**Student:** 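The structure follows.
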Amino acid sequence: MKLFITLVFSALIFMSLMQPVDGIYHKVSLIISLFIIIISILQHKKISIQNVQASVFFSMYTFFCVIAAGVNQDMNLLKNSLQLFCMFLAVSIFFNDLVKEHVMQIVVNSVLLAYVPFICLCFLQARYMFGGFAGVFENPNTMGFSMIGLMVAVLIRLYQLTMKILHERQQPKLILLFVFYATIYLICLYIILLSNARTSLLTAALVTIVVIVSSIKNLNKTFVPFLKFSALFAATVLVVFIAFMKMDRMQDAIQSIVLKMEKKSTNITDGRLEIWQYVFEHVQFWGHGVESLWSIGVSHAHNTLINILQEAGLLALVSYCCFLLAIAKGYRHMNDQLAVLMALIIVAMLGVSTFEILYFNVLHILAFVVSGSLRDTGKKTILTE
């Protein structure tokens, strides 16, 4: 059953990765979400809602988006918000109810599995747009932030291995696994550099810092684990440095993104500030709808929170922010690994959202996972057939 759920969830992640390419992937992801709900209902007569607050706030967000769609007569906003809510129900409530304590293992394995065909397709098509590697997409920035989901999964696995190496007997298998995932990390970094996606590179740096700080925090001020961590960290930094200095492809990728930064140095936001200024100058309580920014020549606001304000209005924005806070505030009720995963996902979402938008992105799916993996100290709500 675990293998079957892993395959189903990896299919959902793959469809999420591919959704900017063609609308068919939206439809397939909806079918998979409904399939997860049906399986969970058939398996369990009672469904536990682990994080009631997050569920309420995301439900409110969807409700306000539906009202905004009605006010603006926007069918696209209605379809997008309802499909995202369906995905939230499938992942946050029903998927978590299926996997229970195996959530970490299944989610990480699903992400790794989904990215194998995705990366292969990207290098098979190998589109280059505006001087950056775009893969299967029309915009290299999309390629860049698509890799953040894999980087989050790899970093949480590296964190798990680091904790085992520090506090258990060193086994050759653990070292080999660490080298394996560190190699995948370098591949992620290489693709982000190749895409010239500055926001994604900054986000990658931030989530890496989260793992380093979390690892140091768990040393418990003991000498031997600290010595092991220092040696492991120094060795990893040395390998990364050698990869940057000796690999021609890595140097080409670095030179490419440095060249872009030099070109954009006079306008680091690349016109985003003008878009945001326009949004704030034309704020309406129920927003303007999905395609409202085409009047100034852009498809979206290049910031998730500002985009929600533009499309669905103030109440939807407040509800969405409360949803994120409801996830973050539950870290005290999580085990250590789940708390680190939550921190990685929130930091990654905020990092990418600074200059891009999240709709059906992998990070949204991962956020839905941790939103339903919390363990409230109070009573849990039960849904009965």
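In this text, all values refer to a predicted model and were calculated from it rather than measured experimentally. This chain uses plain numbering: 1 for the first residue, then up along the sequence.
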**Student:** Against Tyr320, only a single residue in Phe64, Phe88, Phe63, Tyr61 fulfils ring-ring contact (aromatic ring centres under 6.0 Å, His included); can you say which?
**Tutor:** Tyr61
**Student:** Is the distance from the ring center of Phe95 to that of Phe9 below 6.0 Å?
**Tutor:** yes
**Student:** Is the number of heavy atoms from other residues, nucleotides or ligands under 6.0 Å of Phe233 CZ greater than 12?
**Tutor:** no
**Student:** Counting only heavy atoms not in Glu281, do more than 12 sit closer than 6.0 Å to its CD atom?
**Tutor:** yes
**Student:** How long is the gap from NE2 on His364 to CG on Leu84, to the nearest 0.5 Å?
**Tutor:** 5.5 Å
**Student:** Ring-plane angle category for Phe355 and Trp276, please: parallel below 30°, perpendicular beyond 60°, tilted otherwise.
**Tutor:** parallel
**Student:** Return yes when atom CZ of Phe241 has more than 12 non-hydrogen atoms of other residues, nucleotides or ligands closer than 6.0 Å, and no otherwise.
**Tutor:** no
**Student:** Please report whether the ring centroid of Phe58 lies less than 6.0 Å from that of Phe368.
**Tutor:** yes
**Student:** Spell out, as yes or no, whether a donor-acceptor pair under 3.5 Å connects the side chain of Asp97 to the backbone of Ile93.
**Tutor:** no
**Student:** Please identify which of these residues, Thr304, Asn307, Asn303, meets the side-chain hydrogen bond (donor to acceptor under 3.5 Å, both in side chains) condition with Ser353.
**Tutor:** Thr304
**Student:** Hydrogens and angles aside, do Ser92 and Ser371 bring a side-chain donor and acceptor to less than 3.5 Å of each other?
**Tutor:** yes
**Student:** Is the number of heavy atoms from other residues, nucleotides or ligands under 6.0 Å of Phe85 CZ greater than 12?
**Tutor:** yes
**Student:** Just checking, any donor-acceptor pair under 3.5 angstrom between side chains of Thr142 and Glu356?
**Tutor:** no
